[in-house]
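Would you mind keeping the following structure in view while I ask a few things?
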Amino acid sequence: MCGIVGILGKGPVAGQLIDALKRLEYRGYDSAGIATLDHGQLARRRAEGKLQALAARLEKEPLAGNIGIGHTRWATHGRPTENNAHPHATDRVAVVHNGIIENFRELRERLIAQGAKFGSETDTEVVAHLVTAEMKQGKSPADAVAATLKQLRGAFALAFLFAGEDDLMIGARKGSPLAIGYGKDEMFLGSDAIALAPFTDTISYLEDGDWVVLTRTSAAIRDEQGAKIERAIVKSTATAQMVDKGNHKHFMAKEIHEQPEVVGHTLAHYIDMIGEKVALPEELPFDWRAIKRLSISACGTAFYAGLVAKYWFERFAKMPVEIDIASEFRYRGAPLEAGDLMICISQSGETADTLATLRYAREHKQHILSVVNVSTSTIARESDVVMPTLAGPEIGVASTKAFTCQKARDVLYLGRGTSFPIALEGALKLKEISYIHAEGYAAGELKHGPIALIDENIPVIVIAPYDRVFEKTVSNMQEVAARGGKIILVTDPKGAKEATIESLVTLTLPDMASTVTPLVYALPVQMIAYHTAAAIGTDVDQPRNLAKSVTVE
Ligand code: F6R
């Protein structure tokens, strides 16, 4: 979370910084800021709210300077105010940060005792003061940063700009991603290659513990021990085009409608249509037959996708599967057998908890397969096998028309089997973009508690294709109807005919093989959330408090 960018440019960089930040807004959008060097002096502009507030500020109060850093924030420490917006600075150094400095309290107290004056509530500001304190002792900027990094605990990607140093920028990475972009007599830093796409496609990714001293013509990388090190320079395929909404009002609507195409594209990649067999990567570094137990770890929507995979692996491959949300998996000390397989699922490939589970599995000598949408991401790079989803960039952070639930305060989603994860996903999507409270339950669990919530004001959205558990789900709908609950049934023609209870609305999807229902039934639940949120008028693509890439715990 939080996006950072740095540019050692040939001309004024303020506009370029804003352009790069636009591409990073998916990482956070509660405030933003940039700092440049104007005649050797550090100058900053920061603004509360989305990036356009900063852009508007810069129109009125432009910033000169051919070198600069920028930040778009997702607040962790301190409210999203202008004072807490990055860059944080002293008269010697400005810094932007993605991550959390866990020991910031003790560092802050020590610095205050030494006379440092703090202007924000953030963890990040200690970094600017620490570097400044080291420089005041006579250290060069690079030595001051090296000494500072040794004092920090937590996760960070950092970019530093120094007063009086027009050809110097320093970046550091531990836990949060950071890429170097190579230009001709220009150099860049960014949270990802997409941010740098308008400027360069020549990228190298820092590894954990690396830090880099940049000039316009050089990049000197050191590892955590301070040894000089080379990191591969690769060509990025990130597109320079700003992804647009096409004819849609929101990115979310566009991304919902793109699914038939991108799911088809992804399936075509993994299925040999002519040979009618699955086409897995040829060189798997493990033998499926030797895997005794499969573990799956992910967060949020990716976790629900993993839950569907669990049903499939167990039903079709008869393989025992353990699945847990990554933030629990990583800390519960689960015993993992060497040689078994961990599957990590992540759209962004940067989710901190999922990455930590991957590393936990690695410590336990497991094979690691990741399913990611960003194939240059950290999770992809640290996996033994990567199976990319080919969905293209996802920008939107999460009723059929003006659905009845728009006025409801609470909504229940029910499903059985592979429709249970879809119920969970429906509830998550509705909560995150419409701010209506929603819960997803396994339909059979209803009578064990949630049924107490049912009355005539509660819409109950039932995901029930006509499958082997359909009749059981119909019984649960009876239980809802008997208590006055309003049922919205998502089913197929046979289900619509056989459901013996009256629903408020029935959404009838085409007949399909039961193996594909989780893919297809995800669409109506997304549409319900989308149209509800659009009707209420919430910010569908950038809902409050959220960020697309969650690189903190
Ligand atoms: C929900 C949503 C989040 C993400 C979660 C994991 O709509 O977007 O719940 O699914 O933060 O993110 P990735 O898949 O990037 O690891």
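Just follow the structure's listing: the first ligand is 1, and inside any ligand the first atom is 1. Remember, it's a predicted structure, so these values are computed and weren't measured experimentally.
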Which ligand 1 atoms does Leu428 reach within 4.0 Å, using its non-hydrogen atoms?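 This gives 1 (C), 9 (O) as the contact atoms.
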Which atoms of ligand 1 have any heavy atom of Lys429 under 4.0 Å away?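 Near Lys429, the atoms of ligand 1 are 1 (C), 7 (O).
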So for Glu350 against ligand 1, with non-hydrogen atoms under 4.0 Å, the contacting part is neither
Indicate the atoms forming the closest heavy-atom contact of Asp30 with Ala75, along with that distance.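 Answer, listing the atom of Asp30 first, then Ala75: OD2-N, 2.6 Å.
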Which of the listed options, Leu546, Thr351, Ile379, holds the heavy atom that is closest to atom 12 (O) of ligand 1?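 Heavy atom nearest to atom 12 (O) of ligand 1 belongs to Thr351.
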Is there a side chain to side chain donor-acceptor pair (under 3.5 Å) between Asn373 and Gln347? Walk through the geometry before answering. CA-CA 5 Å; Asn373 194 37; Gln347 189 283 131; 3.0 Å; yes
For the CD1 atom of Ile100 and the OG1 atom of Thr76, what is their distance to the nearest 0.5 Å?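 Spacing of CD1 (Ile100) from OG1 (Thr76) equals 4.5 Å.
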Can you name the atoms of ligand 1, numbered from 1 with element, that are less than 4.0 Å from a heavy atom of Ser346?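 The list of qualifying atoms is 13 (P), 14 (O), 15 (O), 16 (O).
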Does the side chain to side chain donor-acceptor pair (under 3.5 Å) test come out yes or no for His257 and Glu255, once each step is laid out? CA-CA 5 Å; His257 284 90; Glu255 288 162 6; over 6 Å; no
Which heavy-atom pair separates Pro465 from Tyr521 by the least distance, and what is that distance? CB-OH, 3.5 Å
As an exercise, identify every atom of ligand 1 less than 4.0 angstrom from a heavy atom of Thr301. 1 (C), 2 (C), 7 (O), 9 (O), 10 (O)
Hey, are the side chains of Phe188 and Thr200 touching, using non-hydrogen atoms and a 4.5 Å cut-off? yes
Determine whether the side chain, the backbone, both or neither of Asn373 has a heavy atom under 4.0 Å from any heavy atom of ligand 1. neither
Which atoms of ligand 1 sit under 4.0 Å from any heavy atom of Gly300? 9 (O), 10 (O)
At their closest point, which heavy atom of Ala159 faces which heavy atom of Ile4, and how far apart are they?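 So the two residues come closest at N-CD1, 4.1 Å.
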Which ligand 1 atoms, with their elements, are less than 4.0 angstrom from a heavy-atom of Ala302?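 Heavy-atom distances to Ala302 below 4.0 Å select 10 (O), 14 (O).
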For the student: nearest non-hydrogen atoms of Asn476 and Gly444, plus distance: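 The pair with the smallest heavy-atom distance is OD1-N, 3.9 Å.
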Would you say Gln347 has any N or O atom under 3.5 Å from an N or O of ligand 1, going by distance alone? yes
Proximal ligand 1 atoms for Glu432, defined as those under 4.0 Å from one of its heavy atoms: 1 (C), 7 (O)
